[in-house]
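Structure, as structure tokens:
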Amino acid sequence: MASTPAIVVSGLSKSFGSLQALSEVSFAVPRGEIFAYLGPNGAGKSTTIRILAGLLQRDAGEVNICGADVAQNPVFVKERIGVVPDESNLYPELTCRRNLEYLGELYGLRRGARTLKAGDLLSRFDLADREHTPFGALSRGLKRRLTIAAALVHDPAVIFLDEPTSGLDVASARALRELIRTINRQGATVFLTTHNLYEAEDLSHRVLILIKGRVAAQGTPREIRQRVQGLNLLAATFSQEIDPMHLLQACPAVLRVSPQNGSWRLEVAETHAALEQILAFAGKADLRLKEINTVVASLEDAFLSFLEGHPPESEARP
Amino acid sequence: MSQFRRVWAISLKDIESYYGKPPLITWGLLFPAVLLLSVYVKDPATYLAIAPGIIAMTLLFGNTSMAAIVVTFEKRAGTLQRLLLAPLSMRTIVLGKALSASAYGLVSALALTLVLMLVLAMPLANPPIFAAGLMLGAGCFSLLGLTASVMVREVFEAMTLLNFFRFPILFISGVFMPLSQLPYWLKPLALTSPLTYVVELLNFGVTGRSEFTTPLIPLLAGLLFLLASWLLTEATFRRRAYA
């Protein structure tokens, strides 16, 4: 049993009317791994989690969690998984401690065990001083923390985290990432969806990129990055705002422009020619090129290149 | 721990969160009490004829509304998903929800009964039959409220759906007019309403008289309606709770 993968998905398909949400999705997650499941909005990430958690029926394919089919044996699977949905959804009127104890009851923990577990989780998640505060009165970051704690009340073998750090400030997000690492170190398999690709790269052992319900790529972050090593990337900062369409018109060697952390990420055909053209463009437009660097392709670059043809927030050469 | 203990856990949590709030119980009591007092003030001799019907109506409106509101609210807040993610059978979830709503209805109806006994000296000729009527009504109407709640997204939609059922049966089930006085063409319809049997059981419990020759008939019919409501609710939850 211990050697079976935590999650095995094979040929998973799901449609909603004429919309094909998932098409022949296959992957396996070994026990003890942090697996990042990435994709743009509407790619089918949440649909996958809902199917894996037994909340949605699939149209076709196999879904095994801890050796059991979720549709055939939902109670067995639900005893072994913890789910943190994208919205923190505990009971707003119940205190932090009561929320954890109630969920412990639903998972079959005896009174003494759930009292101990609630106390332990409140301490581990740094919420001990809030144990009598109603969940509804917590800040967004604390709500997120308690929601993750609640998913661990029954010591699940697999934990699904849907956008765990979305909407959190930098400090809270960093603290949560550390918690996710700790949870994983303690033996839980983590299935993570996130839009934050730095987070995915930082946390995960392996990554799957899902685009329009199909698997576009899967492997370690390093393997995924290696697939786009042929990309020539520059990061440029100008003294003033520029119109990316003007840049593309003035610089034929620049293939794609997208904003990235206050600078412009430029995908170029040939670096030397692009540099000359960018300098000429800056001179003509009376701009100063404050900074320009070559960039090693990151997971985000790889992700964007897989999205090619459907770039969400970038300007591409027509 | 057995699924039965989890039913209990769900019920206790709902009572703690929703049904146990004093304003809710007061609200459940206020309308029927005022209605009965106004009838009593007009004609003290006739209030007894409609008291069982008003108690049944309290159960009908209180239980269907509260069960529907709680589940619709939990669907919107995402907390119903917590139950669906937990290792619980759908039967456990339905029973847990129905048990707490039924407890609320029973407490409201018993409080109203107590007020009527203390203030208007209402008799209780057959307490076991009266209790059976209350329990069957509370269970059946809670389950119907739960069914409505999973078929819609908003509370007002649940109320609209329930009103299509509640108001028509209010007028054919002997609440305001005995079955024997209904027009002949309405009588067969009255027999298809679960409220009819609850009213008749309460009537028998209060006055010792009923439109049926024996209380066994409304008792069995009430049990059948309870079973049918349970099956309907469980089937609807299986189909719609995940939507």
Side-chain angles (χ1 to χ4, degrees), chain A residues 16 46-47 49-58 68 70-71 73-95 98-114 134-136 143 147 150-151 153-154 156 158-160 162, chain B residues 1-24 66 69-97 99-100 104 150 153 155 234-243:
Chain A
F16 299 100
S46 293
T47 301
I49 288 194
R50 287 176 62 78
I51 292 172
L52 265 55
L55 293 177
L56 190 64
Q57 288 198 341
R58 63 202 184 229
V70 66
N73 206 343
V75 171
F76 176 90
V77 170
K78 286 174 182 181
E79 279 169 347
R80 284 156 182 80
I81 63 170
V83 181
V84 179
D86 55 350
E87 291 289 327
S88 301
N89 66 344
L90 296 181
Y91 298 90
E93 67 285 353
L94 299 186
T95 65
R98 178 73 175 104
N99 259 298
L100 296 177
E101 289 182 349
Y102 174 55
L103 290 170
E105 268 183 290
L106 296 184
Y107 281 89
L109 266 62
R110 298 220 167 255
R111 185 191 295 267
R114 58 179 187 259
F135 175 72
K143 276 183 180 161
T147 308
V153 83
H154 56 299
V158 181
I159 177 160
F160 294 95
D162 197 357
Chain B
M1 193 167 71
S2 68
Q3 292 282 316
F4 177 75
R5 290 176 71 173
R6 298 179 203 198
V7 167
W8 192 240
I10 294 169
S11 288
L12 284 182
K13 198 284 292 173
D14 278 0
I15 289 167
E16 178 185 343
S17 293
Y18 314 113
Y19 300 112
K21 308 283 184 205
L24 214 65
M66 287 312 299
I69 287 169
V70 165
V71 173
T72 315
F73 170 76
E74 290 203 341
K75 269 171 71 182
R76 284 192 68 82
T79 46
L80 186 66
Q81 199 185 63
R82 284 275 150 206
L83 295 181
L84 301 174
L85 284 169
L88 306 169
S89 69
M90 199 53 89
R91 181 162 299 167
T92 301
I93 296 173
V94 168
L95 282 179
K97 291 284 172 198
L99 195 65
S100 50
Y104 163 78
V150 284
R153 295 197 73 81
V155 171
E234 215 177 293
T236 316
F237 260 68
R238 279 185 211 285
R239 263 202 329 273
R240 304 293 298 264
Y242 292 105

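Throughout, protein chains are lettered first and strands after them, A, B, ... in sequence-line order, and every chain is numbered starting at 1.
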Please report the interatomic distance [atom1]([X]) to [atom2]([Y]), rounded to the nearest 0.5 Å.
{"X": "B:K13", "Y": "A:N99", "atom1": "NZ", "atom2": "CG", "value": "8.5 Å"}
{"X": "A:E105", "Y": "B:W8", "atom1": "CD", "atom2": "CH2", "value": "11.5 Å"}
{"X": "A:R50", "Y": "B:Q81", "atom1": "CZ", "atom2": "CD", "value": "6.0 Å"}

Toward chain B, the part of [X] with a non-hydrogen atom under 4.5 Å:
{"X": "A:L90", "answer": "both"}
{"X": "A:E93", "answer": "side chain"}
{"X": "A:Y102", "answer": "side chain"}
{"X": "A:L103", "answer": "side chain"}

B:A86, part contacting chain A, at a heavy-atom distance under 4.5 Å
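For B:A86, heavy atoms of backbone and side chain both lie under 4.5 Å from chain A.
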Pick from B:L85, B:L83, B:T92: which one makes a side chain to side chain contact (heavy atoms under 4.5 Å, CB included) with A:L106?
B:L83
Between A:V75, A:I81, A:L56, the one whose heavy-atom pairs under 4.5 Å with chain B are most numerous
A:V75
Least distance between heavy atoms, B:E74 atom then A:Y91 atom:
OE2-CE2, 3.8 Å
Which heavy atom in A:V83 sits nearest to a heavy atom in B:R82, and how many Å separate them?
O-NH2, 3.8 Å
